[in-house]
Amino acid sequence: MTEQEQKYSYFQTEPIPAHILERMEECRKKGMTVPDEKLIKRPSQIEGIREASRINTLVLDAVAGEIREGMSTQEIDDIVAAVTEQYGAVCAPLHFEGYPKHVCTSVNDEVCHGIPARRRKLKNGDIVNVDCTTIKNGYYGDASRMFLIGEVSEARRKLVEETKKCLEIGLEAAKPWNTVGDIGAAISKYAHSKGYSVVRELGGHGVGVEFHEDPFVAHIAKAHTGMVLVPGMVITIEPMINAGRAGVSIDPYNGWTIYTNDGRDSAQWEHTLLITETGIEILSY
Ligand code: MF3
Ligand code: CO
Ligand code: CO
């Protein structure tokens, strides 16, 4: 059996527990959106996703240990590539829909999908998001962190901290049998209370067996709407929070990098998490 066939075989050999199926049926009868059974990961798959996520966290730890002023974003790419290989894993971004590098590095007004480059050196006062996704035995883990370079202004430091708080508030809302909309409602309420705006065009996602699976996890949404969070689902929460207006655009030259329209700063933090019967398990951070 190939790796691909193996990871899908568990949908046949490890069925969803009956009490979960019953509760899903109750939700369906109430008119709620219930996930396809393919989105509910089985024990062997969860083990694989947990391992990919563990390695992904170690890759980010390696970046955290080396990132510094004067380093180019290409050097971050080199670290991510080398450390991932050391763990016998693969960087998911490379060649994903034509993406050219191993990692995304998004500086200041870059919202996400910044492309590492030799000429892009990290300067004193920059804030940078490093977003890693690791594939191990066909399974995926996805996380990102912000790094402060040198002496960072109070405004930037606060944006980074409050964006982390937005992720934490999203994690608190991600309770089993809540909905995806509860996550975005909680995050956007907090972000707006701090005077920030929330990027709408990009969001979190199901993850684990593929890079991007359903559901789309909006970071601005209405409570009690969207897909029910069923134990066994693996999703990311990855709020992109802007200091100024919410509007963003894609780089017309590279077709990837997302910038704020007003040129003001943006921050993002991302975790991969498993919905369990009693809460959540953070798999990658
Ligand atoms: N890691 C990003 C996410 O959180 C996706 C990056 S896609 C890439 O979903 F091709 F730009 F790497
Ligand atoms: Co990511
Ligand atoms: Co993601």
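Atoms within a ligand are numbered from 1 in the order they appear, just like the ligands themselves. This chain uses plain numbering: 1 for the first residue, then up along the sequence. Values reported hereafter were calculated over all heavy atoms of this structure, with side chains retained and with hydrogens, waters and symmetry mates removed.
The pair R145-D61 counts as a salt bridge, with a side-chain nitrogen and a carboxylate oxygen less than 4.0 angstrom apart. With respect to R245 and D262, no salt bridge is recorded, no charged nitrogen being found less than 4.0 Å from a carboxylate O. Using a 4.0 Å cut-off between charged nitrogen and carboxylate oxygen, R28 and E25 count as a salt-bridge pair. Between K164 and E161 there is no salt bridge, since no side-chain nitrogen of the basic residue lies less than 4.0 Å from a carboxylate oxygen of the acidic one. Ion pairing between a basic and an acidic side chain is recognised when a charged N comes within 4.0 Å of a carboxylate O; E69 and K121 show no such pairing.
Between W256 and ligand 1, no pair of N/O atoms sits closer than 3.5 Å. Between H113 and ligand 1, not a single N/O pair is under 3.5 Å apart. Residue Y99 places no N or O, backbone or side chain, under 3.5 Å from any N or O of ligand 1.
Selection from D131, N129, V103 by nearest heavy atom to atom 2 (C) of ligand 1 gives D131. For atom 12 (F) of ligand 1, the nearest non-hydrogen atom from the set C91, A92, P93 belongs to P93.
Against a heavy-atom cut-off of under 4.0 Å, E238 is close to the following atoms of ligand 1: 3 (C), 4 (O), 9 (O). Near T133, with a cut-off below 4.0 Å to any heavy atom, the atoms of ligand 1 are 1 (N). Listed by number with element, the atoms of ligand 1 under 4.0 Å from a non-hydrogen atom of E270 are 4 (O).
At a heavy-atom cutoff of 4.0 Å, ligand 1 is contacted by no atom of E97, backbone or side chain. Residue contacts with ligand 1, taken as heavy atom pairs separated by less than 4.0 Å, do not involve C112 at all. Under 4.0 angstrom from ligand 1, the non-hydrogen atoms of D142 all belong to its side chain.
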Criterion salt bridge (Lys or Arg N to Asp or Glu O under 4.0 Å) on D77 and R118, from CA distance to verdict: CA-CA 10 Å; D77 197 85; R118 199 62 73 188; over 6 Å; no
Verdict with reasoning, N129 to S144, per side chain to side chain donor-acceptor pair (under 3.5 Å): CA-CA 7 Å; N129 174 275; S144 79; 2.9 Å; yes
CA sep, side-chain torsions, deciding dist, call: F96, H212, ring pair (Phe, Tyr, Trp, His ring centres under 6.0 Å): CA-CA 11 Å; F96 172 74; H212 295 113; 5.5 Å; yes
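Here F216 pairs with nothing under the ring-ring contact (aromatic ring centres under 6.0 Å, His included) rule; sequence neighbours left out. The salt bridge (charged side-chain N to carboxylate O under 4.0 Å, His left out) test applied to E110 returns R120, not counting sequence neighbours.
Among all non-hydrogen protein atoms, the one lying nearest atom 9 (O) of ligand 1 is H212 NE2, 2.8 Å.
Protein contacts to the Co ion (ligand 3) involving N, O or S atoms at a distance below 2.8 Å are D142 OD2, H205 NE2, E238 OE2, E270 OE2.
Ligand 1 does not have K101 within reach: every non-hydrogen atom of the residue lies 4.0 Å or more from it.
Looking only at side-chain heavy atoms (C-beta outward), S106 and Q268 stay at 4.5 Å or farther from each other.
Other residues sharing a hydrophobic cluster with L202 under the 4.5 Å side-chain heavy-atom criterion for ILVMFWY residues are V111, V199, M240, V248, I250, I258.
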